[in-house]
Amino acid sequence: MDKENDTNIKQISKEGIVIEDKNVIEISDLKLSFGNNAVLQGIDLEVKKGETVVVLGKSGTGKSVLLKCIVRLIMSDSGKINVLGMDVLTLNDKELVKLRTKIGFIFQQAALYDSMTVRENLEFPLERHENLDEDEHNKRIEEVLESVSQKESIDKMPSELSGGMRKRIGVARTLILKPEIMLWDEPTTGLDPATSREISYLIVKMQKDFNVSSIVVTHDMSCAKIVSDRIVVLKDGKFIIEGTYEELSKSDDEFVKSFFEEV
Amino acid sequence: MLEYVPKSITNFFLEVYGLYGFTVAYFREIFKRPFEFKEMIRQFFQIGNKSLGLVSITGVIIGFVLALQSVPTMSQFGAVSLIPSMVSIAIIREIGPVIIGLICAGKIGSSIGAELGSMKVTEQIDAMEVSATNPFKYLVVTRITATTLMIPLLVIYADAVAILGGFLALSIVGDETLYFYFSKVFSALTFSDILPSTIKTFFFGFAIGLVGTYKGYNASRGTESVGVAANTSVVVGSLLIIIIDMIAVQITTIIS
């Protein structure tokens, strides 16, 4: 049995992170329109366990919409989305709740609950989905804050935090339920280059420490370079090319080249 | 055919349909677990306790002014002794519920609209949903329930304070004693004055909560929509209070 599993595991070079040959996300022929505006026109994507896939594309091309379709915040018009073996589009409410506890979604502006302290932000999902005693509860909160280096922020309000700190707390809030998949919506937008780099390395750390699979939506090439195992490029509602950062950096396609010119 | 209908009329019916859908969703969700008691109690505090100051001042002034303004006219008919009865009936039946309702539509409705609107704009509602929590239950059901239960309490409290305000006015311009004032008040009031006016305040509270949460929850993206949500919550909430009051008066008149 172990031997059989071993053959399904492929070691990749990026800091020795293991990517299993097992799809956790499978999207096929996904289509979505808002009125006459066809945003997604037949998306096909597979993400393996432990893999980080970066979705590159210009602003307003439907990258964030794709992430929201994966957690069914937006219902697609047609196609198939299979996450952790569940058909997202046909799940009932209970099954959807169960699936969402396994997915962490990091929003562009972190989306921390303004009226709650950092501790309360972290307790919010924990109290609803885990039945822990007080010690374990506090331990879990401390652990996730430690993993994003924000232990000292525990009693602060979101308004007292900087952009980078908010992002980290947003990550901690999703980590509290130990997700298997993390979806990052423009994780470095609005941050200075140093903080952007910190967040990018945090994504790699999450992959390494918790073996999570990630989809990172961005147009920040420095971030893409640091975090990506594979990059897919979205244009006109479709993925036009995919490959590693090095492969795409040598592409002759004008659209792809335009992303690498800024680096 | 529909293209000939002015957009404002189509929008009006879409809003009515939206509010209807929100009401149905509220009654569907309120009996389902989890009941979010912690948030509900927080909302009781926010809506009830934090409105006490405003409601107290308004109540005293309503009673005081009403009694004071009545003195010259009533004295012409030698009916100054009827002022306590008049003030209490006017306040309990109509002035108290409507004015406190309108004030709460301004204070509470706008605050709910703005809070939920800004949560929508900053994706906090989406964040709640993806963390597998039902945001409708947590944000909407708790707030509508809190307004429905707290507005009647605030109105009852304001009525009492307003009647006391009437006594203050009469004791300043005349020699009214507290005992005689309240004995006239209670002899004038009947159960049929208090019950219908209290029942309608539950509807006022429901309308304020419903409109505030609906406008905030459905705010379109952008900071401008937060202001619009707050503003329309007040306007539509106030309008609904006047309409509910009119219907309640008609029903009370028919029944009595």
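Everything numeric here is computed off the predicted structure, so don't read it as measured data. Every chain is numbered from 1 and lettered A, B, ... according to where its sequence line falls, protein lines coming before strand lines. These numbers come from the heavy atoms of this one structure, side chains and all, not from hydrogens, waters or symmetry mates.
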Visitor: Does atom CZ (A:F34) have a neighbourhood of more than 12 heavy atoms from anything else shown, all under 6.0 Å?
Guide: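 Yes, enclosed.
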
Visitor: Looking only at heavy atoms and a cut-off of under 4.5 Å, which of A:L112, A:L177, A:L183 has the most pairs with chain B?
Guide: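 Of the candidates given, the most pairs with chain B belong to A:L112.
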
Visitor: Counting only non-hydrogen atoms closer than 4.5 Å, does A:V71 touch chain B with its backbone (N, CA, C, O), its side chain (CB onward), both, or neither?
Guide: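 Only the side chain of A:V71 comes within 4.5 Å of chain B.
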
Visitor: Would you say that more than 12 heavy atoms from the other residues, nucleotides or ligands in this model lie under 6.0 Å from the CZ of B:F203, or not?
Guide: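 No, the 6.0 Å shell around CZ holds no more than 12 heavy atoms from other groups.
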
Visitor: Between these two chains, chain B and chain A, I want each donor-acceptor atom pair under 3.5 angstrom written on its own line with its distance.
Guide:
residue : atom : partner : partner atom : Å
B:E36   : OE1  : A:R128  : NH2          : 2.7
B:E123  : OE2  : A:K68   : NZ           : 3.0
B:Q124  : OE1  : A:D114  : N            : 3.1
B:Q124  : NE2  : A:D114  : OD2          : 3.0
B:M128  : N    : A:Y113  : OH           : 3.4
B:E129  : O    : A:R100  : NH1          : 3.4
B:S131  : O    : A:H129  : NE2          : 3.1
B:A132  : O    : A:H129  : NE2          : 3.0

Visitor: Show the numbers, then the answer: is there a side chain to side chain contact (heavy atoms under 4.5 Å, CB included) between B:V130 and A:I103?
Guide: CA-CA 8 Å; B:V130 294; A:I103 303 175; over 6 Å; no

